[in-house]
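So you know, we letter chains A, B, ... as the sequences are listed, proteins then strands, and number each from 1.
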Amino acid sequence: MTNQSEETDDLTLISDKLIVQALMAPDKCPWTKGRKSSASASNSRTPRNKSLPPKKPKKKDATPRKVLPPKVTPSTSAVHEKIEHGEYSCLEDDGNPIALAVPERKELCVTLPPCAPFGDQSVDARSKVRKLLKLFQLICRKLMQAEEQQLRNFGRIDLEAIEVLKKYDGYSKPDAIVGDVPGVVVGDEFHFRVELSIVGLHRIYQGGIDSAIVDGTRIAISIVASGGYPDELSSSDELIYTGSGGKATGKKDAEDQKLKGGNLALKNCIKTKTPVRVIHGFKGQSRSEVGQSKSKQISTYTYDGLYVVVDCWQEGASGSMVFKYKLKRILGQPELALHIVKETRMSKVRKGLRCPDISLEKERIPICVINTIDDAQPTPFEYITKVIYPPSYAKEPPQGCDCTDGCSDSSRCACAVKNGGEIPFNFNGAIVHAKPLIYECGPSCRCPPTCHNRASQHGIKIPLEIFKTGETGWGVRSLSSISSGSFICEYAGLESSTSETMEESVGFTIDAAKCGNVGRFINHSCSPNLYAQNVLWDHDDKRMPHIMFFAAENIPPLQELTYHYNYTIGQVRDKNGVEKVKECLCGSADCCHRLY
DNA sequence: GAATATTCAGGATG
DNA sequence: CCATCCTGAATATT
């Protein structure tokens, strides 16, 4: 609908505010209020002190740069009002610090955002769920970071993280829910069983069948099928599930499964016609990145939707009988993206393929263009992978570190020190949390390219594709699942100064109308799944940091990638200073229907 | 030897 | 005390 290159007119940003998304939420970041020095912005290991008065952000110092979204702006609105109402806040700011109960001398402190959103009626269930999950994932990344710095060894990060989360105001034990859980949508992905429990999808940690008593009878409310038993996940909408207990789990003694507990509950569902939530677990989807350390086995749990139990019988030889259940998926629910991806991968020809690699091999992996809506092709542009700086501009050489130990000692690595004494990435490449500015190691550092403090400078690693959306023109998505914190891509384009001379210039913008990379196709959303992070690595000019997109949550395959353009209403004017209005079409629940 | 499969042990919840 | 469609680390196997 909107065409990028048509919108190349005079967008003028009258506000000098710079707003960038926090990893936690569409939030009010330090940028909004002026910048803190990156060193003081880090809260990763502040001493524990709950009564610490909230830090007042500095009014404003040097305003670096405005993020100019692609001039092709599809749809949008602004989160501005919410920011004004203080509904959101960012990790870097005045959160309530919660100390981890680390039974060793070294205490870890995770700063959590204020808990206003919880229990607030105005926040819909979906936002709550997403916030809780983001919070949990943030804690996990923090713990992982601590583990990697060898401050401490947690066996089970998931269990450790839930302990922290429990201390957070707004966390409560989930009630038993029959049917869909408000805020959870078919296709949602999780990485730990604990996460299923947090959102109330499946409350027990290990058991496969969660049940509740309704009207005096025990009925099943959710099941997890993750390969522990030989279930049959036949084709599409049917599932044969194996009961719990007996020998199947690898017991020493053969034993018949008993019709009690979960087994009975599941059988009762036939009579009561109770819908059962099905969560599908997949194992070993880990994809070892090139040059990365050993890839951990990663399990993914996908919410498959509601099923009804239609049949129940016993199977097997006497002495090792098991219960089997036949479940049918209730019609009218969205198809799992996973299945579509499977079909797509199976089929030889890709439907709607308009271009096998729009980057013309400039990226490490091809980025194809898919259009199953009409015949349109993207408007031609020059594909570049790196930002192009103004001709007159000579980049300041960065001051690197001289680490030879892989920058492992974050108190000695000069780059880590600039990041407030931490390497802001986990060893798997995920960003730990949003910061005003991140310093990656660069060309003048002595560390090798495999250093963990170089997460976003090696280009795109996740297979992305450009596709035609219904309403918003072109968009970007992936056939793979993306886990929270993953680096997606840079926003590349022509860097230009907003004032006459380079020297006096206060603001810079990136214009991707004529040349750019995939980043120029990423649409706006009021509840985005990516966020933009400022990063410096190949130069030290804070006025024009790289703008790097990271996943703010787990993103299922085929879901469109979006970030918040961060316009404010009234911000954009035409040549004559007249306010311009653009409708937001992002369609999210908290959309305010105006991009600017 | 490294990548993968199997087993073991520790653990939270009900 | 019991058991569980978990996890991560330790062994075993290709």
Margin query: If the test is side chain to side chain donor-acceptor pair (under 3.5 Å), which one of A:H433, A:E553, A:H191, A:E195 qualifies with A:Q137?
Written below: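 Of all the options given, the one that passes is A:E195.
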
Next item on the list: With heavy atoms under 4.0 Å as the rule, sort A:S197 into base, sugar-phosphate or nothing.
Entry: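 If one applies the 4.0 Å heavy-atom cut-off, A:S197 turns out to touch nothing in the nucleic acid.
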
Calculate the interatomic distance between [X] atom [atom1] and [N] atom [atom2]; express it in whole Å.
X: A:F190; N: C:dC6; atom1: CZ; atom2: P; result: 16 Å
X: A:K258; N: C:dA3; atom1: NZ; atom2: C1'; result: 12 Å
X: A:L266; N: C:dC5; atom1: CG; atom2: C1'; result: 13 Å
X: A:I209; N: C:dA3; atom1: CD1; atom2: C1'; result: 13 Å
X: A:E195; N: C:dC5; atom1: CD; atom2: P; result: 19 Å

Note to self: Parallel, tilted or perpendicular: which one describes the rings of A:Y563 and A:F549, with boundaries at 30° and 60°?
What the structure shows: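 Because their plane-to-plane angle lies in the 30° to 60° range, the rings of A:Y563 and A:F549 count as tilted.
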
Item checked: CG on A:L196 to OG on A:S222, rounded to 0.5 Å ->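 Separation between the atoms: 8.5 Å.
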
Notebook entry, point to check: Partners of A:R218 by salt bridge (charged side-chain N to carboxylate O under 4.0 Å, His left out), sequence neighbours excluded?
Noted result: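 Once residues adjacent in sequence are excluded, A:R218 has no partner under the salt bridge (charged side-chain N to carboxylate O under 4.0 Å, His left out) criterion.
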
Check: Looking only at atom types and distance, does a side-chain atom of A:R126 sit under 3.5 Å from a main-chain N or O of A:S588, one as donor and one as acceptor?
Finding: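 Checking the backbone N and O of A:S588 against the side chain of A:R126, no donor-acceptor pair under 3.5 Å is found.
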
Note to self: Looking at A:D256 and A:G319, would you say the former's side chain and the latter's main chain have a donor-acceptor pair under 3.5 Å?
What the structure shows: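 Looks like yes, one N/O pair under 3.5 Å.
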
All N/O contacts under 3.5 Å from nucleotides 7-14 of chain C to the protein, with atom names and distances to one decimal?
unit_1: C:dT7; atom_1: OP1; unit_2: A:R193; atom_2: N; d: 2.7
unit_1: C:dT7; atom_1: OP2; unit_2: A:Y301; atom_2: OH; d: 2.8
unit_1: C:dT7; atom_1: O4'; unit_2: A:R156; atom_2: NE; d: 3.1
unit_1: C:dT7; atom_1: O4'; unit_2: A:R156; atom_2: NH1; d: 3.4

Check: If you take all heavy atoms of A:A161 and A:C140, which pair is closest and at what distance?
Finding: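 Looking at all heavy atoms of both residues, the closest pair is CB-SG, 3.7 Å.
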
Next item on the list: Mind jotting down which residue pairs meet the salt bridge (Lys or Arg N to Asp or Glu O under 4.0 Å) criterion with at least one end in residues 477-486 of chain A? Sequence neighbours excluded, please.
Entry: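 Listed by first then second residue: A:E465-A:R477.
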
Distances under 3.5 Å between nitrogen or oxygen atoms of protein and nucleotides 12-14 of chain B:
unit_1: B:dT13; atom_1: OP1; unit_2: A:K166; atom_2: NZ; d: 2.6

Next item on the list: Carefully, step by step, assess A:L338 and A:H280 under the rule side-chain contact (heavy atoms from CB on, under 4.5 Å).
Entry: CA-CA 11 Å; A:L338 231 70; A:H280 200 146; over 6 Å; no

Checklist line | Distance flag, aromatic centroids of A:H452 and A:F427, threshold under 6.0 Å | finding: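 Yes, ring centres under 6.0 Å apart.
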
Item checked: Involving DNA chain C, stems made of at least three consecutive Watson-Crick or G-U pairs, both distances under 3.5 Å ->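 Result, WC/G-U stems under 3.5 Å: B:2-10 with C:6-14, B:12-14 with C:2-4.
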
Notebook entry, point to check: Can you list the residues that meet the ring-ring contact (aromatic ring centres under 6.0 Å, His included) rule with A:Y241, with sequence neighbours excluded?
Noted result: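 Here no residue qualifies.
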
